[in-house]
There are 2 protein chains.
Amino acid sequence: MATARLNDSELADRAVETFRMYGYEGSSLNRLAEATGLEKASLYYRYPGGKDQIVMAAATHVAGWFEQNIFLPLAGEQSPRRRVQNVARLLRRFYADGTKPCVLDTLSLQGGPPQLQAALQSALDGWLAAFTNIAIESGMTRTQALRRAEDALAAIEGSLILSRVLGQKRFFLRTLASLPDLLTEP
Amino acid sequence: MATARLNDSELADRAVETFRMYGYEGSSLNRLAEATGLEKASLYYRYPGGKDQIVMAAATHVAGWFEQNIFLPLAGEQSPRRRVQNVARLLRRFYADGTKPCVLDTLSLQGGPPQLQAALQSALDGWLAAFTNIAIESGMTRTQALRRAEDALAAIEGSLILSRVLGQKRFFLRTLASLPDLLTEP
DNA sequence: GTCTATATTAAGATAGAC
DNA sequence: GTCTATCTTAATATAGAC
């Protein structure tokens with residue numbers, strides 16, 4: 001058997017980059033083929049279910065990224081504040097200083113397979129829980145911590161839109177800078 | 001000359017509804033025809049430039065809606081707080097309690113004509129200016145007012161995403177409820 | 001001004017060679 | 001496992017009747 005040009009993780013990663021920029025409907029197989037360096041037929045070999053299977057693999061891959069770069073670091077050894085600072089740094093890279101959209105936004109538009117919405121919901125739920133937990137650990141009540149987590153998530157997603165539409169990174173970067181206080185100062 | 005089934009305003013309104021749900025790439029002429037009740041050929045008669053012209057008309061129409069339902073009410077006669085409460089009510093209807101996405105989000109993805117991004121940027125700039133002005137009028141410094149306006153916009157856009165992905169209106173509704181304090185309490 | 005019918009291009013998807 | 005070639009369907013767009 002011939003060896004694959006890209007492993008599943010690299011392949012899903014390229015797919016995520018395409019879906020986050022163009023959305024589900026805008027991510028044609030031609031664009032996905034170009035982004036991955038594979039021909040359309042090769043994509044069908046890797047994902048017999050076609051575009052729907054590719055987008056689900058992309059969603060799963062992003063959920064894994066959240067696991068590694070948000071959930072795990074937030075459950076680490078350092079002080080809560082340092083852990084949040086670390087996560088903010090990782091988020092800054094993932095969103096390229098606010099120049100790249102969030103898949104939770106992009107892929108939650110109408111269109112795509114029904115399970116996709118469930119996958120996005122699950123990923124966002126996990127993210128909210130991770131933020132809530134670090135806020136509780138920082139001394140907040142459950143209610144207050146939940147509220148801070150929701151505000152933080154909304155601020156991240158909202159500032160990404162402002163940064164994208166106005167072409168200015170400062171909105172997103174400022175939100176990241178506010179994260180430590182928001183999540184760890186009761 | 002035969003009389004049009006829909007005037008330009010009604011037509012643009014249906015187009016906006018389609019674009020906000022499906023984005024630019026997902027809004028095929030078939031979907032636009034279904035949403036407007038016109039055949040594709042009739043859409044080309046009204047908009048010879050095709051889909052690109054339709055999306056620009058939609059963007060212009062939304063900018064007009066902002067003018068009428070945000071800028072003008074915020075420059076009204078009542079107290080600043082009452083004016084913001086009024087705008088919050090209008091926003092609640094426009095976003096259907098947080099169940100419908102914002103075109104500034106949906107249409108700012110990759111794809112579509114280049115002028116579209118300029119139109120969205122201009123609409124968002126106007127919205128920010130209107131929010132900033134009411135905050136200044138409420139006694140804030142220019143710097144503080146600008147900051148509050150940006151935070152308010154990001155909170156609106158971000159909470160719309162949370163509400164959409166998690167299927168819960170409360171995120172968006174809570175943001176609307178916080179608007180009067182955010183924009184009029186120094 | 002809107003329609004039916006049709007042309008043209010791109011999208012999603014498969015077959016079979018290497 | 002990836003490719004070229006091809007099929008089928010849907011998309012954008014136009015022609016011409018009413």
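So you know, we letter chains A, B, ... as the sequences are listed, proteins then strands, and number each from 1.
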* Asked: Salt-bridged, A:E185 to A:R81, with N to O below 4.0 Å?
  -> yes
* Using heavy atoms and a sub-4.0 Å distance, could you list which residues of residues 15-23 of chain A are near DNA chain C? By number, please. => none
* **B:N7 CG - C:dG1 C1' separation (whole Å)** => 14 Å
* To do: Round to the nearest Å and state the distance from B:D8 atom CG to C:dT2 atom C1'.
  => 15 Å
* To do: Would you kindly say whether B:T184 and B:S138 are connected by a side-chain donor-acceptor distance under 3.5 Å?
  => no
* Asked: Taking NZ, NE, NH1 and NH2 as the nitrogens, is one of them in B:E10 or B:R5 under 4.0 Å from a carboxylate oxygen of the other?
  -> no
* Asked: If you group Ile, Leu, Val, Met, Phe, Trp and Tyr by side-chain heavy-atom gaps below 4.5 Å, do A:L124 and A:L182 land in one group?
  -> no
* Asked: Would you say D:dG1 has OP1 or OP2 under 4.0 Å from some side-chain N or O of A:Y45?
  -> yes
* Classify every nucleotide of nucleotides 3-16 of chain D by which part a protein heavy atom approaches to under 4.0 Å, writing B for the base, S for the sugar-phosphate alone and - for neither, in 5'-to-3' order. => BB------SBBBB-
* Asked: Can B:K100 be said to sit on top of B:F94's aromatic six-ring, NZ or CZ under 6.0 Å from centre and within 45° of the ring axis?
  -> no
* To do: Assess the side chains of B:Y24 and B:D52: does a donor N or O sit below 3.5 Å from an acceptor N or O?
  => yes
* **Salt bridge A:E34-A:R14, side-chain N to carboxylate O under 4.0 Å** => no
* Asked: B:R46 side chain N/O closer than 4.0 Å to the phosphate oxygens (OP1, OP2) of C:dT2?
  -> yes
* Ion pair A:E17/A:R31, N-O distance below 4.0 Å -> no
* To do: In whole angstrom, give the distance that lies between atom CG of A:L32 and atom P of C:dA10.
  => 17 Å
